[in-house]
Amino acid sequence: MHTRILPIALSLALVTAACASSSAAVPGDAPEPVTYEALISEITTSGHPTVVNSWAAWCPPCRSEAPLLSTAAETNEDVQFIMLNTKDNPGNAAAFIGEAFTGVPMTHYADSSGAITFELGGGRGLPVTFFYDSAGSLVQVHRGILDEPTLAFYLDEIKR
Amino acid sequence: MEFTLLGAAALGVSGFWLMLRWEAKRGNAAGCALDLWDAGLTSGAVGLVVGRLVAMAQVGINPIADPAQIILVRSGVSTAGASVAALLMFGFLARKSFLSSADAIGPSVLAGLAGWHVGALVTGSWLGTVSDLPWAQTVQGSDITRHPVELYAAALYVVAAFAIATWKQKGRPPRGAPAGLSLAAAGGAMLVTEPVRISLTGGPIWLYVGAVVTGFGVATWSILRQRSQT
């Protein structure tokens with residue numbers, strides 16, 4: 001009997017959650033291309049801890065962790081957040097930036113070939129998040145989707 | 001793909017199963033007609049999905065537009081949404097004998113929560129705020145020692161689970177009191193460990209306080225009701 005109850009409850013929950021409105025997306029600016037050297041220079045000379053997140057609009061885990069990264073950027077003004085749009089269509093990237101990152105204090109760059117993410121040490125998969133301390137030293141590379149405790153922990157580490 | 005979360009879930013389910021077995025051998029669930037294993041897992045599964053949907057709704061992700069994201073549990077599950085949904089689901093499944101079923105399953109749920117928190121060792125998110133205490137731990141690549149906060153929570157859950165189970169076995173508590181104390185312990189362990197947790201937005205304190213107050217309220221009501229009947 002319980003196996004019949006489960007689908008009903010899940011369907012109700014799904015419909016309820018679907019009723020939650022999401023704001024209409026306004027396309028953001030397409031991210032500007034950047035070189036590996038320029039990116040490293042920005043990380044090492046900023047004087048702030050830095051989080052670099054390699055993402056793409058076609059990558060569901062990247063889209064899913066975007067609200068968490070937005071919250072982190074808004075609540076950690078002393079940390080520089082660089083979003084590296086990787087192997088993506090510029091139009092789709094701009095649309096998702098408008099949907100998820102409007103007004104969030106972040107810098108957006110494009111890595112159309114994925115070479116920069118690879119050179120940073122991220123491999124080929126997405127998402128990848130790099131955590132640098134204020135001296136520009138790489139503290140942690142997190143491959144895969146971030147959860148809140150993990151992100152909060154590494155932010156705490158790079159701010160010390 | 002990451003499978004660490006599955007490892008943590010497996011530890012949680014294992015803790016739940018082990019305590020159910022331990023209790024069954026001592027006759028602590030003898031008066032309960034409900035299949036506790038079935039009800040517990042169903043409630044947990046419903047709680048997980050509803051918690052994920054609530055978390056998605058809170059950040060503006062529409063599950064109809066992005067259905068693939070529902071399975072990305074790691075990107076966020078609402079603790080409050082999951083807890084309330086799991087409790088409601090269990091209440092529905094156990095509607096014919098709610099108090100005795102809740103008494104029977106309470107310690108096992110606490111053991112399952114203990115397993116889930118130990119699972120933070122697998123997911124790598126088991127450390128809290130900075131600490132110089134002798135048992136403070138650090139992660140590879142860091143020289144900062146921290147509270148093993150998830151192990152604190154797990155230890156509290158284990159102690160509470162065995163204390164309530166032993167009380168049921170030897171103390172013959174009034175119906176509803178073990179369930180109330182289990183609920184209070186579930187919220188209390190999180191409330192006590194919250195100050196040493198690292199979080200972006202803070203935990204749902206209102207949920208923890210609500211569980212403690214409601215749990216103690218139910219337990220007190222059960223004891224007073226029994227006294228008035230004797």
Side-chain angles (χ1 to χ4, degrees), chain A residues 1-3 5-23 25 59-76 99-100 125 127 131 133 137-158 160, chain B residues 1-2 4-5 35 38-39 41-43 45-46 49-77 81 85 88-89 92-93 120 123-130 139-144 146 149-150 197-201:
Chain A
M1 187 182 86
H2 297 155
T3 50
I5 294 164
L6 188 59
I8 296 168
L10 295 183
S11 305
L12 278 174
L14 190 64
V15 170
T16 307
C19 293
S21 61
S22 54
S23 55
C59 154
C62 306
R63 297 173 70 92
S64 203
E65 71 179 8
L68 184 62
L69 287 162
S70 293
T71 302
E74 284 167 345
T75 55
N76 291 271
E99 180 185 330
F131 295 88
D133 63 18
S137 301
L138 182 63
V139 173
Q140 180 70 25
V141 180
H142 183 89
R143 296 177 179 85
I145 195 165
L146 279 164
D147 57 19
E148 191 196 325
T150 306
L151 178 57
F153 177 82
Y154 284 115
L155 282 171
D156 197 41
E157 287 276 313
I158 61 175
R160 288 183 184 279
Chain B
M1 284 293 286
E2 295 182 50
T4 55
L5 209 58
D35 183 337
D38 190 353
L41 288 192
T42 305
S43 303
V46 169
V49 175
V50 174
R52 174 71 192 128
L53 291 171
V54 171
M56 289 174 73
Q58 283 173 336
V59 296
I61 300 172
N62 188 327
I64 299 294
D66 274 313
Q69 292 203 30
I70 295 172
I71 63 166
L72 298 174
V73 172
R74 168 151 260 170
S75 63
V77 173
L88 288 175
M89 191 68 204
F92 177 73
L93 295 174
T123 60
S125 53
W126 60 296
L127 294 178
T129 55
V130 176
V139 294
Q140 193 175 6
S142 173
D143 53 2
I144 303 168
R146 297 172 178 276
V149 60
E150 298 301 344
R197 287 180 186 280
I198 303 177
S199 169
L200 288 180
T201 52

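Letters A, B, ... mirror the listed sequences (proteins, then strands); counts begin at 1.
Of all the listed residues (A/Pro61, A/Ala152, A/Ser64), the one sharing the greatest number of non-hydrogen pairs under 4.5 Å with chain B is A/Ser64.
With a 4.5 angstrom heavy-atom cutoff, A/Arg160 touches chain B only via side-chain atoms. When heavy atoms are compared at a cutoff of 4.5 Å, B/Val139 approaches chain A solely by way of its side chain, counted from C-beta outward.
Residues passing the ring-ring contact (aromatic ring centres under 6.0 Å, His included) test with A/Phe131 are A/Tyr154, sequence neighbours excluded.
Taking a cutoff of 4.0 Å between a charged side-chain nitrogen and a carboxylate oxygen, A/Glu148 and B/Arg197 do not qualify as a salt bridge.
Here the straight-line distance linking atom CG of A/Leu146 with atom OG of B/Ser125 works out to 11.0 Å at 0.5 Å rounding. Remark: B/Ile61 CD1 to A/Glu99 CD distance equals 8.5 Å, nearest 0.5 Å. To the nearest 0.5 Å, atom CD1 of residue A/Ile145 and atom CG of residue B/Leu5 are 10.0 Å apart.
Side-chain contact between A/Leu155 and B/Leu200 is present, with heavy atoms from C-beta onward closer than 4.5 Å. B/Thr129 has its side chain out of reach of A/Asp156: every pair of non-hydrogen atoms, C-beta onward, lies at least 4.5 Å apart.
Of the residues B/Asp66, B/Leu72, B/Ile71, the one that meets the side-chain contact (heavy atoms from CB on, under 4.5 Å) test with A/Pro60 is B/Leu72.
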